[in-house]
Amino acid sequence: MNTHASVVVIGGGVMGTSIAYHLARAGVRDVVLVERDELASGSTSKAAGGVRAQFSDELNIQLGARSLQAFARFGLELGHDIGLHRVGYLFLLSTPEEVAGFETSVRLQNSLGVPSRMIDPAEAQRLSPLIGTDGLLAAAFSPDDGHCTPESVVHGYASAARAYGARILRHNDVTGIEVHGDRITAVTTSIGRITTETVICAAGPWSRAIGAMVGVDLPVVPLRRQVAVTEPVGGLPPDLPMTIDFTTSLYFHSEGPGLLLGMSDPDERPGFATDTHDRWIPRLAAAMERRAPALLDLRRTGGWAGLYEVTPDHNALIGEATSVSRFLYATGFSGHGFLQGPAVGEVVRDLYLGRVPFVDVSPLSAGRFAADAPRPEANRV
């Protein structure tokens with residue numbers, strides 16, 4: 001294969017397909033997306049599917065809110081049912097510091113049009129009956145948030161991108177990026193060479209290796225996260241929110257007749273392993289006993305492991321390199337990439353076209369670390 005592209009997008013998850021769709025819809029010709037496996041086979045297919053705008057960082061609030069609007073229109077505009085359930089996100093808060101932090105976040109969210117609010121433990125339990133309230137001080141809730149099916153979003157974007165003329169090359173490894181002087185000239189792959197002057201890295205946990213091909217440091221570290229699925233649970237309210245015990249990071253939401261649940265594992269070491277193990281179960285059980293003891297009686301019927309793409313400040317890398325011409329990137333979302341995919345696709349389209357995006361993402365440039373200007377996100381799961 002020898003071919004030409006105006007833009008080569010690397011990565012076939014939600015970020016890459018969203019970017020390809022937005023570029024092609026804007027009239028960019030010869031958009032080529034390269035994916036080494038199947039679409040959505042990386043981090044996207046392993047995501048819990050949560051969508052929200054409840055963040056502490058103004059940029060993340062805006063990206064989340066914009067994406068929520070796009071998810072709501074998805075079926076009508078792209079013709080794909082993504083299983084969107086706008087049942088809300090419920091953050092359970094057990095320390096005065098957590099309460100104070102979320103009160104500040106809610107004020108910022110409200111100023112940006114997000115209808116989040118602080119609620120008392122009794123209302124939190126009415127919304128999410130499986131929780132216990134011992135030691136619970138307050139909660140934060142926004143009814144606009146929820147969850148949907150990640151793979152459906154990816155295939156919806158991919159199908160629409162193809163309809164607008166984009167090409168998607170699956171089972172195709174990127175093996176190198178050719179640079180002449182400070183200009184990209186081609187992308188080499190396992191099935192051939194693609195001449196191009198523009199590369200967009202949306203490779204998730206594998207982004208650091210892509211950036212290194214052009215001498216750009218994308219400080220992204222892969223970290224395994226696991227989720228479990230339970231047997232059917234009788235009597236679940238149809239509008240059970242995504243419920244998160246912020247102290248332990250235990251979370252759960254409805255998944256068919258049962259629950260999908262998970263939490264972070266502080267003992268997990270960085271790496272690309274995605275096999276499942278039970279070393280996290282004792283900590284998971286302890287978190288359940290503390291905040292949602294009803295979950296302890298449920299039998300696990302399945303589960304999987306996937307990779308977070310973590311940066312030093314747990315916030316995204318979005319921008320364009322200055323050391324080489326036309327290398328753009330959208331990666332390192334540290335657990336909130338799926339939910340920001342629609343908005344980030346718009347932003348990267350505008351960066352490529354030289355337009356002013358709806359939000360200034362320059363503080364999320366990868367260069368912020370060299371400039372000692374990290375931008376930490378506090379409301380992460």
Side-chain angles (χ1 to χ4, degrees), residues 1-25 28-47 49 78 80 82 149-179 184-214 218 220 222 224 271-276 304-309 327-333 337-338 341 344-345 348:
M1 180 194 73
N2 279 292
T3 189
H4 174 76
S6 298
V7 186
V8 174
V9 180
I10 301 174
V14 67
M15 210 57 65
T17 54
S18 173
I19 291 167
Y21 162 72
H22 282 96
L23 287 171
R25 185 180 179 188
V28 179
R29 298 173 61 86
D30 298 323
V31 175
V32 174
L33 183 150
V34 180
E35 163 57 43
R36 67 179 187 176
D37 201 332
E38 293 289 347
L39 295 177
S41 61
S43 293
T44 298
S45 65
K46 309 301 190 299
L78 283 85
H80 269 66
I82 60 172
T149 306
E151 295 93 330
S152 295
V153 174
V154 168
H155 290 294
Y157 274 139
S159 177
R162 289 188 185 101
Y164 282 109
R167 287 177 290 167
I168 295 177
L169 305 178
R170 296 172 300 132
H171 303 286
N172 191 14
D173 268 313
V174 171
T175 56
I177 301 174
E178 297 178 11
V179 179
I184 290 170
T185 57
V187 173
T188 57
T189 78
S190 55
I191 62 173
R193 184 171 178 268
I194 307 169
T195 59
T196 188
E197 295 183 348
T198 302
V199 170
I200 300 175
C201 176
W206 298 272
S207 294
R208 190 163 213 160
I210 300 299
M213 293 177 181
V214 293
L218 297 177
V220 175
R224 174 169 46 192
F272 288 97
T274 56
D275 55 308
T276 59
W304 59 83
L307 296 175
Y308 264 27
E309 41 180 297
F327 180 82
L328 292 84
Y329 49 85
T331 186
F333 288 88
F338 169 67
V344 174
V348 174

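No hydrogens, no waters, no symmetry mates; every other heavy atom, side chains included, goes into these values.
Side-chain contact between V214 and V199: absent, with no pair of heavy atoms (C-beta onward) separated by less than 4.5 Å. For the pair V153 and T17, the minimum side-chain heavy-atom distance is 4.5 Å or more. Inter-residue side-chain proximity for V9 and Y21 is flagged as unmet; no heavy-atom pair is nearer than 4.5 Å. Side-chain contact between W206 and V174: absent, with no pair of heavy atoms (C-beta onward) separated by less than 4.5 Å. The shortest side-chain heavy-atom distance between V28 and V7 falls under the 4.5 Å cut-off. In this structure, L328 and I19 have side chains that are not in contact, with every pair of non-hydrogen atoms separated by 4.5 Å or more. Two residues are said to be in side-chain contact when any heavy atoms from C-beta on lie closer than 4.5 Å; H22 and Y157 meet this criterion. No side-chain heavy atom of L169 sits under 4.5 Å from any side-chain heavy atom of T189.
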**Q.** E35/S41 under side-chain contact (heavy atoms from CB on, under 4.5 Å): CA gap, chis, key distance, verdict
**A.** CA-CA 9 Å; E35 163 57 43; S41 61; 3.7 Å; yes
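Here CG of D30 is found 12.0 Å from CG of L23. Values are rounded to the nearest 0.5 Å. The line from CD1 of I200 to CZ of F327 is 10.0 Å long, rounded to the nearest 0.5 Å.
Residue R29 comes nearest to S6 through the heavy atom pair O-OG, 2.7 Å, listed as atom of the first residue, atom of the second, then distance. In terms of heavy-atom proximity, A330 sits nearest to V348 at CB-CG2, 4.0 Å. Nearest heavy atom pair, residue E309 against residue V220, reads CB-CG1, 3.7 Å. Residue A47 comes nearest to F338 through the heavy atom pair CB-CB, 4.4 Å, listed as atom of the first residue, atom of the second, then distance. Contact record, L39 with A158: CD1-CB, 3.6 Å, taken as the closest heavy-atom pair. Summarising the geometry of P205 relative to P222, their closest heavy-atom pair is CB-CB, 3.9 Å, with the distance given to 0.1 Å.
Although no hydrogens or angles enter the test, the distance criterion places a donor-acceptor pair under 3.5 Å between the side chain of R224 and the main chain of D275. In this structure, T149 contributes its side chain and E151 its backbone to no donor-acceptor pair below 3.5 Å. T331 places no side-chain N or O within donor-acceptor distance of the main-chain N or O of A203, the cut-off being under 3.5 Å. A donor-acceptor pair under 3.5 Å is formed between the side chain of T44 and the backbone N or O of V14. Remark: the backbone N or O of L307 is paired with a side-chain donor or acceptor of S43 at under 3.5 angstrom. S45 contributes a side-chain N or O that, together with a main-chain N or O of A40, makes up a donor-acceptor pair within less than 3.5 Å.
Of the options V8, I177, T185, a side chain to side chain contact (heavy atoms under 4.5 Å, CB included) to T196 is made by V8 and by none of the others.
Within the structure, salt bridge (Lys or Arg N to Asp or Glu O under 4.0 Å) contacts touching residues 153-179 (residues at least two apart or in different chains) are E38-R170, E178-R193.
For R25, the salt bridge (Lys or Arg N to Asp or Glu O under 4.0 Å) criterion is met by no residue, not counting sequence neighbours.
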